[in-house]
Amino acid sequence: MTYKIVLLDPISEDGKNMLRNTPGVEFEEHTGLKGEDLRQCLNQFDGAIARSGVKITAESLEGNTRLKAIARAGVGVDNIDTKAATRRGIIVMNTPGGNTVSTAEHTFALILALSRNIAPAHQSLVEGRWDRKLFTGHQLEGKILGIVGLGRIGQVLAGYAKAFKMKIIGLDPFFTQQKADELGITLAENFHALLPQVDFLTVHTPINDQTRGMFGKKELELLKHGAKLINCARGGIYDKDTLVAGLESGKIGGVALDVYEEEPCTNHPLFGKKNVVCTPHLGASTEEAQTNVALEAVELLLDYFTKGSIRQAVNFGTLDAAALASLRSSLNVAYRLGILAAQISFEPITSVKMKYKGEIAKKDTNLISTSFAAGLLSASKASDVNIVSAASMLEERGINLISEKTPEAGEFSSLITAEINNSMTLSGTLFGNSMPRLVMMNGYRLESFLDGELVFIDHLDQPGVIGSIGNAFAKYNINISAMTVGRVTPKPGGQAIAVLAIDAEPAAETLKDIESLKSIGRVAVAKLPPAEQFPEWMG
């Protein structure tokens with residue numbers, strides 16, 4: 001069989017040569033397409049390779065019955081409608097490693113340019129002036145660099161900063177203390193805690209609902225006076241009006257941008273302003289990076305078509321239907337346990353052990369463990385997490401994921417247990433064929449739903465405690481739809497835990513009132529997807 005691949009954007013000659021030298025593969029170049037021309041083109045090929053130029057929208061894929069895979073030569077997939085691709089059964093893969101070094105180098109180049117006034121100093125000479133005194137800069141040694149997002153690029157950048165004897169404060173919701181210690185990074189508790197400390201701030205996160213505009217007016221107030229901001233990730237993470245206001249007031253000491261909300265961008269409120277350096281999305285624009293991402297994108301497609309291998313997918317629409325049907329309910333239990341663990345853990349997660357007991361231990365538990373990881377990471381700012389990418393994303397953050405199996409059944413025919421940091425355990429199973437339930441938590445026997453708004457309340461097992469909790473919710477007009485109470489032993493008077501399913505998200509003051517009640521210990525809240533809602537990769 002011959003597979004046809006289309007190149008929708010220019011790629012390096014090395015990538016093309018790899019395609020030419022592979023038997024059973026043909027390729028054509030059709031760049032600059034959009035609209036109906038792009039839609040018709042995509043329906044004539046088995047695979048496609050894209051960079052950032054082409055926009056593959058839902059309309060581009062409308063009626064497509066042939067395309068099976070898209071490889072993005074680069075990390076960002078903002079220009080590809082992955083939801084539409086998933087609905088069409090089209091796998092979307094990216095190449096996050098190919099431009100890591102180039103992007104990290106460009107970020108550091110912008111840090112240097114800001115600290116030493118490179119751009120305006122150069123311009124003064126071009127204009128015939130010798131203004132040495134106007135361009136006195138700052139050395140980097142001893143300065144504090146804040147890095148938001150400690151994935152591949154963030155970690156490489158940290159190494160460069162260490163070489164310049166900078167101090168590094170990092171922020172990543174799933175980066176372990178052990179990994180941070182290895183790299184010499186101090187971890188910040190949260191974004192707001194980081195801002196007053198840093199001399200330079202750089203972001204390396206996806207753009208999504210959580211990160212869009214994450215630096216706004218409130219963050220400007222918290223920022224250390226004179227700090228400099230750099231963005232080589234995605235446009236829109238910094239609110240541009242806030243950047244303008246911060247520069248004009250002097251609170252922000254400088255801004256360097258390589259990315260913009262709309263690209264190409266030739267008109268921006270920061271262009272031409274003092275203490276600003278801007279480049280036209282050059283982070284991955286090196287010969288080496290373009291060669292690397294082209295070769296990697298070609299390899300991804302060839303492996304997919306010739307070996308059936310799916311690597312570095314950002315969606316998951318092509319899992320065999322029979323395999324998915326046999327595992328779907330178990331994947332759902334594990335996924336929901338992961339979402340729950342991320343929200344109720346009161347300490348950074350450093351290790352996860354998945355335990356499988358009974359019939360479930362006889363199945364492919366690797367997929368189930370990865371489903372738990374996907375749920376765990378869904379609480380982070382990573383927008384592309386799925387059953388394919390979750391395990392590697394955990395590994396990048398220094399979180400160990402291991403598993404063990406016990407085929408002999410216990411109280412349940414199948415039981416999935418997640419042990420977090422050797423300090424918290426959550427066990428789930430299925431009631432019937434498709435009803436996930438939490439049946440054990442830290443030794444407490446339970447029978448709780450795994451959907452909607454849940455409140456976990458540690459308390460003494462004494463008369464009147466449950467009634468006082470109910471009164472507290474009633475005070476704020478919050479209905480309790482279901483409740484279960486778990487004990488370690490059947491005898492009353494000891495420690496217990498109540499899990500309440502409620503019909504509205506509780507306000508902070510509601511939880512504060514409950515925590516102030518007599519005999520109440522820790523209170524935790526978790527928001528899980530509705531029972532009928534599944535991630536796209538689960539089918």
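With rounding to the nearest 0.5 angstrom, the OG1 atom of T186 is 12.5 Å from the CG atom of L171. Rounding to the nearest 0.5 Å gives a distance of 11.0 Å between CD1 of I111 and NZ of K228. To the nearest 0.5 angstrom, T100 atom OG1 is 11.0 Å from H204 atom NE2. Between atom OH of residue Y476 and atom CG of residue L511 there is a gap of 9.5 Å, rounded to the nearest 0.5 Å. Remark: T365 OG1 to F372 CZ distance equals 14.0 Å, nearest 0.5 Å. The CG atom of N231 lies 9.0 Å from the CG atom of L243; values are rounded to the nearest 0.5 Å.
Shown here are the side chain to side chain donor-acceptor pair (under 3.5 Å) partners of K362, two or more places apart in sequence or in another chain: E359. Residues satisfying the salt bridge (charged side-chain N to carboxylate O under 4.0 Å, His left out) test with D461, not counting sequence neighbours, are R487.
No hydrogens or angles considered: nothing links the side chains of D458 and Q495 as a donor-acceptor pair under 3.5 Å. Side-chain contact, T176 with T350: no donor N or O sits under 3.5 Å from an acceptor N or O. In this structure, a donor-acceptor pair under 3.5 Å is present between the side chains of T211 and N208.
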>> Please determine whether side-chain hydrogen bond (donor to acceptor under 3.5 Å, both in side chains) holds for the pair Q177 and D181, giving the CA-CA distance in whole Å, both sets of side-chain angles, and the decisive distance to 0.1 Å.
In response: CA-CA 6 Å; Q177 187 62 55; D181 291 342; 2.9 Å; yes
> How far apart are the C-alpha atoms of K357 and E408, what are their side-chain angles, what is the distance that settles it, and do they pass the salt bridge (charged side-chain N to carboxylate O under 4.0 Å, His left out) test?
Replying inline: CA-CA 6 Å; K357 193 170 185 178; E408 294 78 15; over 6 Å; no
>> Using side-chain contact (heavy atoms from CB on, under 4.5 Å), reason through Q343 and K527 one step at a time and then give a plain yes or no.
In response: CA-CA 8 Å; Q343 296 180 72; K527 184 181 181 69; 4.0 Å; yes
> Would R311 and D303 count as a salt bridge (charged side-chain N to carboxylate O under 4.0 Å, His left out) if you check the C-alpha gap in whole Å, the side-chain angles of each, and the deciding distance to 0.1 Å?
Replying inline: CA-CA 8 Å; R311 295 186 292 114; D303 284 351; 2.9 Å; yes
> Hey, mind stepping through E347 and S423 against side-chain hydrogen bond (donor to acceptor under 3.5 Å, both in side chains) and telling me if it holds?
Replying inline: CA-CA 10 Å; E347 61 181 7; S423 61; 2.8 Å; yes
>> Go through it in stages, so that I can follow the logic: the residues are I70 and I91, the test is side-chain contact (heavy atoms from CB on, under 4.5 Å), and I'd like the CA-CA distance, side-chain angles, deciding distance and then a yes or no.
In response: CA-CA 6 Å; I70 301 170; I91 202 78; over 6 Å; no
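Under the 30°/60° scheme for interplanar angles, the aromatic rings of F164 and F108 are found to be tilted.
A salt bridge links D172 and R397; the closest N-O separation between the charged side-chain nitrogens and carboxylate oxygens is under 4.0 Å. Ion pair E296/R72 not flagged as a salt bridge, since none of the NZ, NE, NH1 or NH2 atoms sits closer than 4.0 Å to an Asp/Glu carboxylate oxygen. The pair R437-E447 does not meet the salt-bridge criterion, since no charged nitrogen lies less than 4.0 angstrom from a carboxylate oxygen.
Other residues, nucleotides and ligands place no more than 12 heavy atoms under 6.0 Å from the NZ atom of K167. Under a cut-off of 6.0 angstrom, the local environment of CD in E189 is sparse, with at most 12 non-hydrogen atoms contributed by other residues, nucleotides or ligands. In this structure, F305 places its CZ atom where more than 12 heavy-atom neighbours from other residues, nucleotides or ligands lie under 6.0 Å away. Summarising the local packing, CG of N190 is surrounded by more than 12 heavy atoms from other residues, nucleotides or ligands at distances under 6.0 Å. Heavy atoms of other residues, nucleotides or ligands lying less than 6.0 angstrom from CD of E182 number more than 12.
In plain terms, the two heavy atoms of I360 and S330 that are nearest each other are CD1-OG, 3.1 Å. Considering every non-hydrogen atom in both V293 and G74, the closest pair reads CB-N, 4.0 Å. Nearest heavy-atom pair across S414 and T429 is O-OG1, 2.6 Å. Considering every non-hydrogen atom in both V333 and G428, the closest pair reads CG1-C, 3.8 Å. When all heavy atoms of R336 and L528 are compared, the closest pair comes out as O-CD2, 3.8 Å. Listed here is the closest heavy atom pair of S329 and L430: CB-CD1, 3.3 Å.
Side-chain atoms of S345 do not come within 3.5 Å of backbone N or O of A342 as any donor-acceptor pair. Checking side-chain atoms of T306 against main-chain N and O of L302 turns up a donor-acceptor pair under 3.5 Å. E219 contributes a side-chain N or O that, together with a main-chain N or O of G216, makes up a donor-acceptor pair within less than 3.5 Å. S371 places no side-chain N or O within 3.5 Å of a backbone atom of L367 that could act as its donor or acceptor partner. In this structure a side-chain-to-backbone donor-acceptor pair under 3.5 Å is present from N94 to V75. Panel note: side chain D81, backbone A84; a donor-acceptor pair is recorded below 3.5 Å. In this structure, the side chain of T107 engages the main chain of T103 through a donor-acceptor pair within 3.5 Å. When atom types are taken as modelled, the side chain of E453 and the backbone of I502 share no donor-acceptor pair closer than 3.5 angstrom.
Using a 4.5 Å heavy-atom cutoff, the side chains of F473 and V455 are in contact. In this structure the side chain of L187 reaches within 4.5 angstrom of the side chain of L150, judged on heavy atoms. I520 has its side chain within reach of I469: a pair of non-hydrogen atoms, C-beta onward, lies under 4.5 Å apart. In this structure, the side chains of I420 and T425 stay at 4.5 Å or more apart for every pair of heavy atoms. Side-chain atoms of F215 and I237, non-hydrogen and from C-beta on, never get closer than 4.5 Å to each other. At a threshold of 4.5 Å between non-hydrogen side-chain atoms, the residues K353 and L401 do not count as touching. At least one side-chain heavy atom of L61 sits under 4.5 Å from a side-chain heavy atom of L67. Here the side chains of V485 and I466 are in contact, with some heavy-atom distance below 4.5 Å.
The side chain to side chain donor-acceptor pair (under 3.5 Å) contacts involving residues 462-474 comprise Q462-S519, where partners must be two or more places apart or lie in separate chains.
Ring pair Y335/F534: centre-to-centre distance not below 6.0 Å.
By the 6.0 Å and 45° rule, K405 does not stack over the aromatic ring of Y356.
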